[in-house]
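Input: a single structure, listed below in structure tokens.
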Amino acid sequence: MAVNGTLGTSPRVLFYSHDTYGLGHLRRSRALASAITQADERISALIMTGSPVAGRFVFPERVDHIRLPGVTKTPDGDYRSERLGLHIDETTALRAGLIKATVEHFDPDLLIVDKEPTGFRGELLPALDWLRRKRKARIVLGLRDVLDDPEVLAVEWDRKEALKAAETYYDEAWVYGLRSICDPTAGLNLSASFRSRMKFTGYLRREELPDGEAPLDPYILVTPGGGGDGAGMVDLVLSAYERDPGLGPNALLVYGPFLSGAQRAEFEERVARLNGRVQAVGFESRMENLFAGAQGIVCMGGYNTFCEVLSFDKPAVIVPRTRPRMEQYIRASQAEALGLVRVLDRNRDGLTTESMIAAIRGLATQARPSSAFVPGLLDGLDFVSGRTQTLLGLEKSQGVA
């Protein structure tokens, strides 16, 4: 019988990843679950996710996922059911019921909640109440390094009653970054008690995955992450290769699964006219291998992409979005100030074809992130794995180190 586990079973870690849009929350939860189960072979992990592309990822041994009914954001900023045709309130109630049932039947020893203390539209609260009444599971709030502009975040958390939930339900908060780069909660009125339970882990190191392949010829990797808001960056890169016939090395462009079909069709026509200087694919579940093989990176500034830039020590030009959140701009600007990356800033550099050509050419001589020594920069997975074992009452690692 495992320590702290349900009778006759191994310790169980449950992840909640609301994923109304994009890939970031799922990819972060998947990386954490993989590290935790690899560090100790007694642990099993289950990820609850709303990502519509969850089934396209490979999950390691002792890690599985449950797909919650999807929701999508409407142009007016509201949400609707992705496929079911239900009112958003019905969809949220359905998701909440599935989450609570999963919690009751999986009966976790540790719940790790990604970013949203109450879940999407409060859907996590019934499950949190059940866990608190049972008093078995430890509950951890996992936060990326940057959430948003502090004033905007304070208003959002007040509206969602996230502050109350954080103080009421969570035993700890793990920030997947460094305080020296950003404290994502700086603008929040959290108690001294809660802040004492916050732990800055460092960023989450990524490694190459088995079975994936990268091109043999030199290339730069161009990635807008999930792709839903990356059309402007992709257009700029294609314009650079169209304008400058001598621009090199060639580019490998991964559109991301959320780029609109019409926009992708237009880009595909332009790619075809570049005669192989730019190659493009829609989705790649083993992005780590493409990062590892690239000579440089042109990307947006999402959390997972930033971790991959650091992990594979690649010179990178980041073109951060500034809407609807300032998250990417804050992260990229702080990283540039430390000498980790270069930012193509709309106000400072101009988002022009000429500025992109110069940025791509500059990758050949740009310093790698490792040249800016930042202590503890990529310690996140080691910290989380060790802390998980402590919270579960396990002796240190009997699995893969």
Side-chain angles (χ1 to χ4, degrees), residues 23 206 208 212-261 263-302 304-321 328 332 341-346 349-369:
L23 295 173
R206 308 303 164 87
E208 287 189 68
E213 296 182 357
L216 297 177
D217 294 331
Y219 67 95
I220 64 166
L221 177 63
V222 181
T223 170
D229 54 3
M233 189 201 75
V234 173
D235 173 68
L236 207 56
V237 171
L238 292 179
S239 296
Y241 278 88
E242 290 164 344
R243 178 78 59 85
D244 186 347
L247 185 61
N250 291 347
L252 174 59
L253 166 61
V254 182
Y255 292 121
F258 301 116
L259 181 74
S260 74
Q263 185 69 75
R264 177 173 171 177
E266 177 188 332
F267 287 152
E268 291 284 88
E269 292 179 2
R270 295 170 65 182
V271 167
R273 292 195 293 268
L274 286 167
N275 298 317
R277 294 174 58 220
V278 176
Q279 296 183 354
V281 297
F283 174 76
E284 175 54 65
S285 65
R286 294 175 172 82
M287 283 293 291
E288 293 88 343
N289 297 12
L290 299 185
F291 271 89
Q295 293 195 337
I297 312 294
V298 178
C299 59
M300 295 180 69
N304 291 287
T305 301
F306 184 61
C307 287
E308 285 156 342
V309 166
L310 300 181
S311 298
F312 297 106
D313 199 25
K314 300 297 179 178
V317 174
I318 295 181
V319 187
R321 73 180 183 197
Q328 292 193 5
V341 301
R342 179 185 171 187
V343 177
L344 202 59
D345 188 303
R346 178 186 300 273
D349 308 303
L351 297 184
T352 65
T353 302
E354 290 74 19
S355 66
M356 179 58 78
I357 290 172
I360 292 173
R361 288 192 174 279
L363 285 170
T365 56
Q366 183 176 321
R368 294 175 179 268

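This is a predicted model, so every value here is computed, not measured.
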*Write down the atom of Ala294, the atom of Lys314, and the distance for their closest heavy-atom approach.*
O-NZ, 2.8 Å
*Any side chain to side chain donor-acceptor pair (under 3.5 Å) pairs touching residues 245-260, not counting sequence neighbours?*
Tyr255-Glu268
*side chain to side chain donor-acceptor pair (under 3.5 Å) against Arg273, all qualifying residues, sequence neighbours excluded*: none
*Does Asp217 have any side chain to side chain donor-acceptor pair (under 3.5 Å) partners at least two apart in sequence or in another chain, and if so, which?*
none
_Show every side chain to side chain donor-acceptor pair (under 3.5 Å) that has at least one partner inside residues 238-247, sequence neighbours left out._
Ser239-Arg270, Glu242-Arg270, Arg243-Glu354, Asp244-Arg361
*Under the side chain to side chain donor-acceptor pair (under 3.5 Å) rule, collect the residues that match up with Gln328, sequence neighbours excluded.*
none
*Count the heavy atoms of every other residue, nucleotide or ligand shown that sit under 6.0 Å from CD of Gln279, and state whether that count exceeds 12.*
no
*Where do Ile318 and Gly301 come nearest, in terms of heavy atoms and distance?*
CG2-CA, 3.6 Å
*Grab the two heavy atoms, one from Pro249 and one from Gln295, that are nearest each other, plus how far apart they are.*
CG-OE1, 3.6 Å
*In this structure, which one of Leu253, Val237, Leu238 forms a side chain to side chain contact (heavy atoms under 4.5 Å, CB included) with Phe267?*
Leu238
*Step by step, work out the side-chain contact (heavy atoms from CB on, under 4.5 Å) result for Val222 and Leu252.*
CA-CA 6 Å; Val222 181; Leu252 174 59; over 6 Å; no
_ring-ring contact (aromatic ring centres under 6.0 Å, His included) against Phe306, all qualifying residues, sequence neighbours excluded_ = Tyr203
